[in-house]
Amino acid sequence: AEPLLERALTILENTLGPEHPIVANTLNNQASLYHDQGRLDDAEPLLERALTILENALGPEHPVAANMLSNQASLYNDQGRLDDAEIRFKKALEIFEQALGPEHPKTVTVRNNLQRLHDQKLEA
C-alpha cells in the first residue's frame, strides 16, 4: 500500500497542487497506514502537513479540519503524549459540536475518545 500511496500523492501534488484538500486526504491515508504499522513518528509529520493544508483551504473551524485534529489526537495518545492529545480532542470536539451538533456521530466519537483519554490519565 505504501508505494501506491506515495505514487498517488505525487500525482495529486503535480496535478492539483501541494496545498489541495485531496492531497491532505492522501497524506492522512498514508499517516493512517503508518499508524497501523506502529510507525508513529513517520505518521506525525504527514498529519501535521495535512492539517495545515485543510486549515488553510477550508478554515480552522471546518469539520474536516476537526477530523484531522482528532486523528492527530489519536496518534499523540498512542505516543503517550496525553496532554497534546487532550488539547486536540477538545478542539475537535468544540468544532464538531458547533458545526454538526452535540449528537452527531463524529461529535459523540470524539467526546468518547476524550473521556477515554481522561480515564487513561487518571489511571497513570
Side-chain angles (χ1 to χ4, degrees):
E2 185 175 358
L4 296 174
L5 285 167
E6 288 174 358
R7 182 168 178 237
L9 182 61
T10 299
I11 292 168
L12 290 168
E13 287 176 326
N14 289 336
T15 56
L16 301 174
E19 302 302 314
H20 196 282
I22 293 175
V23 169
N25 185 58
T26 303
L27 289 165
N28 180 63
N29 291 343
Q30 191 170 9
S32 179
L33 172 68
Y34 291 163
H35 193 163
D36 291 346
Q37 292 174 336
R39 297 169 56 187
L40 305 182
D41 291 340
D42 292 331
E44 186 174 354
L46 300 176
L47 288 177
E48 288 174 5
R49 181 174 169 215
L51 179 61
T52 299
I53 291 169
L54 293 172
E55 287 180 338
N56 289 337
L58 305 174
E61 303 299 316
H62 195 281
V64 175
N67 196 58
M68 197 63 59
L69 280 168
S70 180
N71 292 348
Q72 270 190 326
S74 294
L75 176 71
Y76 292 156
N77 186 43
D78 289 347
Q79 288 176 322
R81 296 168 54 187
L82 303 185
D83 291 337
D84 291 331
E86 182 176 22
I87 290 166
R88 279 153 185 83
F89 276 139
K90 284 181 176 180
K91 180 64 177 171
L93 180 60
E94 177 184 312
I95 294 168
F96 282 141
E97 284 179 336
Q98 183 69 28
L100 305 176
E103 302 306 318
H104 190 278
K106 285 186 181 273
T107 306
V108 172
T109 297
V110 172
R111 188 179 304 115
N112 289 340
N113 288 341
L114 183 58
Q115 182 59 52
R116 279 194 290 277
L117 176 68
H118 286 153
D119 293 344
Q120 186 178 352
K121 287 176 83 171
L122 288 175
E123 293 171 5

task = Give, for atom CG of Asn25 and atom CD of Gln30, the distance between the pair rounded to the nearest 0.5 Å.
result = 12.0 Å
query = Which atom names give the shortest non-hydrogen contact between Ala92 and Ser70, and what distance separates them?
reply = CB-N, 4.1 Å
message = Do His104 and Glu97 make a side-chain contact, defined as non-hydrogen atoms from C-beta onward lying under 4.5 Å apart?
response = no
remark   = Residues pairing under side-chain hydrogen bond (donor to acceptor under 3.5 Å, both in side chains) where one sits in residues 1-12, two or more places apart or in two chains, turn out to be Glu2-Tyr34, Glu2-Arg39
note = Asp119 meets the side-chain hydrogen bond (donor to acceptor under 3.5 Å, both in side chains) criterion, sequence neighbours left out, with Gln115
ask   = Checking side chain to side chain contact (heavy atoms under 4.5 Å, CB included) for the pair Thr15/His20: CA distance, chi angles, key distance, verdict?
value = CA-CA 10 Å; Thr15 56; His20 196 282; over 6 Å; no
message = Between His118 and Glu86, is there a side-chain donor-acceptor contact under 3.5 Å, judged purely by atom types and distance?
response = yes
ask   = Is there a donor-acceptor contact under 3.5 Å from the side chain of Ser32 to the main chain of Asn28?
value = no
key: Within-4.5 Å side-chain heavy-atom neighbours: Asp83 and Tyr76   = no
message = If you define the side chain from C-beta out and look only at heavy atoms, does anything of Thr109 sit under 4.5 Å from Asn113?
response = yes
ask   = Ile95 and His62: which non-hydrogen atoms are nearest, and at how many Å?
value = CG2-O, 3.8 Å
Donor-acceptor contact below 3.5 Å, side chain Arg111 vs main chain Lys106 = no
message = Grouping I, L, V, M, F, W and Y whenever their side-chain heavy atoms are under 4.5 Å apart, do Val64 and Leu93 come out in a common cluster?
response = no
remark   = Tightest non-hydrogen contact, residues Ala99 and Pro63, listed as CB-CG, 3.6 Å
key: Where Glu19 and Ala57 come nearest, the two heavy atoms and their spacing   = O-CB, 4.4 Å
task = Spell out, yes or no, whether Leu46 and Val23 are grouped together once hydrophobic residues are joined by side-chain heavy atoms under 4.5 Å, including indirect joins.
result = yes
message = Can you confirm whether more than 12 heavy atoms, excluding those of Gln120, are under 6.0 Å from its CD atom?
response = yes
ask   = Does Leu69 share a hydrophobic cluster with Leu40, counting links as ILVMFWY side-chain heavy atoms below 4.5 Å and allowing steps through other members?
value = yes
ask   = Looking at Ala73 and Ala85, what are the two nearest heavy atoms and their distance?
value = O-CB, 3.3 Å
message = Counting C-beta onward and ignoring hydrogens, is there a side-chain heavy-atom pair between Gln72 and Leu51 closer than 4.5 Å?
response = yes
Among Asn112, Asp84, Val110, side-chain contact (heavy atoms from CB on, under 4.5 Å) partner for Phe89 = Val110
ask   = Rounded to the nearest 0.5 Å, what separation is found between the CZ atom of Arg116 and the OG atom of Ser74?
value = 9.0 Å
inquiry  = Do Leu47 and Leu27 make a side-chain contact, defined as non-hydrogen atoms from C-beta onward lying under 4.5 Å apart?
reply    = no
ask   = Do you know the tightest heavy-atom contact between Ile53 and Pro18?
value = CD1-O, 3.3 Å
task = Spell out, as yes or no, whether a donor-acceptor pair under 3.5 Å connects the side chain of Thr107 to the backbone of Gly101.
result = yes
